[in-house]
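Side-chain atoms are counted along with the backbone in the values below, which use heavy atoms only and exclude waters and symmetry mates. Remember, it's a predicted structure, so these values are computed and weren't measured experimentally.
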Amino acid sequence: MSIPLFEQLKIGELKRTSLVIHLADRSCAYPDGVIEDVLVQGDKLIFPADFFILDMGNASNDVPILLG
């Protein structure tokens, strides 16, 4: 999730993390933090999910959240 989307949604407190995300182009991304147990609804199913907050640069305007 991009930083601007996280700030706009106001969904909780950002927790620090030491996780490193390895991207498809073999580069590494270092999240600013994680939001844990955010309730996500898909049709009638509601489940908790964790979101890592990343500085995605200019890409955050086109794609504010990555699922996977």
Single-linkage hydrophobic cluster, 4.5 Å side-chain cutoff, L14 and V40 together: yes

Group every Ile, Leu, Val, Met, Phe, Trp and Tyr by side-chain heavy-atom contacts under 4.5 Å, then state whether F52 and Y30 land in the same group. no

For residues 40-52, which residue pairs pass the salt bridge (charged side-chain N to carboxylate O under 4.0 Å, His left out) check, not counting sequence neighbours? none

For E13, does the CD atom have more than 12 heavy-atom neighbours from other residues, nucleotides or ligands under 6.0 Å away? no

For a side chain to side chain contact (heavy atoms under 4.5 Å, CB included) with M1, tell me which candidate from I35, V34, I11 qualifies. I11

Transitive ILVMFWY side-chain link F51 to L45, under 4.5 Å: yes

By side-chain contact (heavy atoms from CB on, under 4.5 Å) - contacts of D25 (at least two apart): L23, S27

Taking all non-hydrogen atoms of both residues, which atom of P31 and which atom of I21 are closest, and how far apart? CG-CD1, 3.8 Å

As an exercise, state the distance from CD1 of I53 to OG of S2, rounded to the nearest 0.5 Å. 8.0 Å

Quick one: salt bridge (Lys or Arg N to Asp or Glu O under 4.0 Å) partners of E36, sequence neighbours excluded? K15

For A29 and L54, which heavy atoms make the closest approach, and how far apart are they? CB-CD2, 4.2 Å

